[in-house]
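Below is one structure, written out as structure tokens; comments come after it.
Residue numbers start from 1 in every chain, and the chains themselves are labelled A, B, ... in the order their sequence lines are given, proteins ahead of strands.
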Protein chains: 2
Amino acid sequence: MTYLARTKPDERVRARDLAKATDVPPAFLSKIMRALSTSGLLDAQKGHNGGFMLSRPASEIRFIDVLRAVDFQPETDHCLFGLGNCNAQNPCPLHFEWAVLKEQIEHWARSHSLADSD
Amino acid sequence: MTYLARTKPDERVRARDLAKATDVPPAFLSKIMRALSTSGLLDAQKGHNGGFMLSRPASEIRFIDVLRAVDFQPETDHCLFGLGNCNAQNPCPLHFEWAVLKEQIEHWARSHSLADSD
DNA sequence: ATTTCAATGGATTTGCAAATCCATTGACAT
DNA sequence: ATGTCAATGGATTTGCAAATCCATTGAAAT
């Protein structure tokens, strides 16, 4: 996504080229692109001169949007120790420390867009 | 480790009991305990009334020590994008943002000990 | 109309960390 | 001395995300 953010607007990039540029296996990258396309962050075009481009300006795509699209959910309250019943009332030893750090990470992802990666 | 930090000093805990308490598979936990034992954070005792205990007070075992012992190396400069040639001179789009966050995590692990998890 | 090109998406395979198994070692209790 | 118990450590298996494969779909160029 940061790669696409740095290409000219309205210029499509083929999955294959992006794969080469990022050194991610082409077939695997395609899966990721599809997820991003399905969730509306990318606009896909088949055939001649096809490829992918951001579906809206880079400044309007936050990192949290990308994370959500690829199914990473930092906002789910998953215990660092993997305990099922960990919460503020019944905290694991690192519950509050972890909550702070997690909030920092999430806040960063919420307040930064692809445009910040220029 | 935080579990052991909250048991009485000089009281040994068997891997099997710790496995049950933490819901980590016993055989897998044994491997981790061995790593922690080998790197000097745990004192192991075989046989009757054997088990593991912290090899020094909880206040003298930092989280960074535990992380290093189980082979997680937050201080290695691993690019978030997996790029081999990413550094301050040739940064990836998230190099500096990531460096800040990484430093926060590492600083936390350096400045907190198991005693902070009471 | 036909050809070419690139995304789509489901089925399949691979790779490796996670997890298991078990024979061995060493310590304590009796 | 002997039996029991718990860690040790290497070999092996499992599980699942990562990666691959390929037939299909749809779009544009000619």
Let me know the distance between [atom1] of [X] and [atom2] of [N], rounded to the nearest Å.
X     : N      : atom1 : atom2 : value
A:K46 : D:dA29 : NZ    : C1'   : 17 Å
B:D17 : D:dA6  : CG    : P     : 8 Å
B:R34 : C:dT24 : CZ    : C1'   : 12 Å
B:I32 : C:dA17 : CD1   : P     : 14 Å
A:Q45 : D:dA28 : CD    : C1'   : 8 Å
B:L18 : D:dA6  : CG    : C1'   : 14 Å
A:N49 : C:dA7  : CG    : C1'   : 14 Å
A:L29 : C:dA6  : CG    : P     : 15 Å

Q: Look at the side chain of B:K31 and the base of C:dT20, then say whether one donor and one acceptor between them are separated by less than 3.5 Å.
A: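 In this structure, the two groups form a donor-acceptor pair.
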Side chain of [X] (C-beta onward), nearest among [options]:
X     : options                : value
A:S37 : C:dA6, C:dT8, D:dA7    : C:dT8
B:P25 : D:dA7, C:dT8, C:dA19   : C:dA19
B:R16 : D:dT8, D:dA6, D:dT20   : D:dA6
B:F28 : C:dT8, D:dA18, C:dA18  : C:dA18
A:A27 : C:dT8, D:dA7, D:dC21   : D:dC21
A:H48 : D:dA28, C:dG10, D:dG10 : D:dA28

Q) Short question: side chain of B:S113, backbone of B:A115 - any donor-acceptor pair under 3.5 Å? A)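 Yes; at least one donor-acceptor contact below 3.5 Å.
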Q. B:A69 and B:A35: which non-hydrogen atoms are nearest, and at how many Å?
A.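 Closest pair (atom of B:A69, atom of B:A35, distance): O-CB, 4.0 Å.
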Salt-bridge test for [X] and [Y]: reply yes if a basic N is under 4.0 Å from a carboxylate O, no otherwise.
X     : Y      : value
B:E97 : B:K102 : no
B:R14 : B:D17  : yes
B:R56 : B:D43  : no

Can you check nucleotides 13-16 of chain D for protein contacts, nitrogen or oxygen pairs under 3.5 Å, and list what you find?
none

Q: Report the residue (B:G47 or A:A15) whose heavy-atom-nearest nucleotide on DNA chain C is the more 5′ of the two.
A: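 The residue closer to the strand's 5' end, by nearest nucleotide, is A:A15.
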Q: Mind running side chain to side chain contact (heavy atoms under 4.5 Å, CB included) on B:D10 and B:M53 for me, showing each step along the way?
A: CA-CA 7 Å; B:D10 302 328; B:M53 52 180 282; 3.4 Å; yes
Q. Touch check for A:R14, heavy atoms < 4.0 angstrom, all strands: base, sugar-phosphate only, or nothing?
A.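 Sugar-phosphate: the residue A:R14, judged by heavy atoms under 4.0 Å, touches backbone atoms but no base.
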Q) Are any non-hydrogen side-chain atoms of A:L54 and A:M1 less than 4.5 angstrom apart? A)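 Touching, per the 4.5 Å side-chain cut-off.
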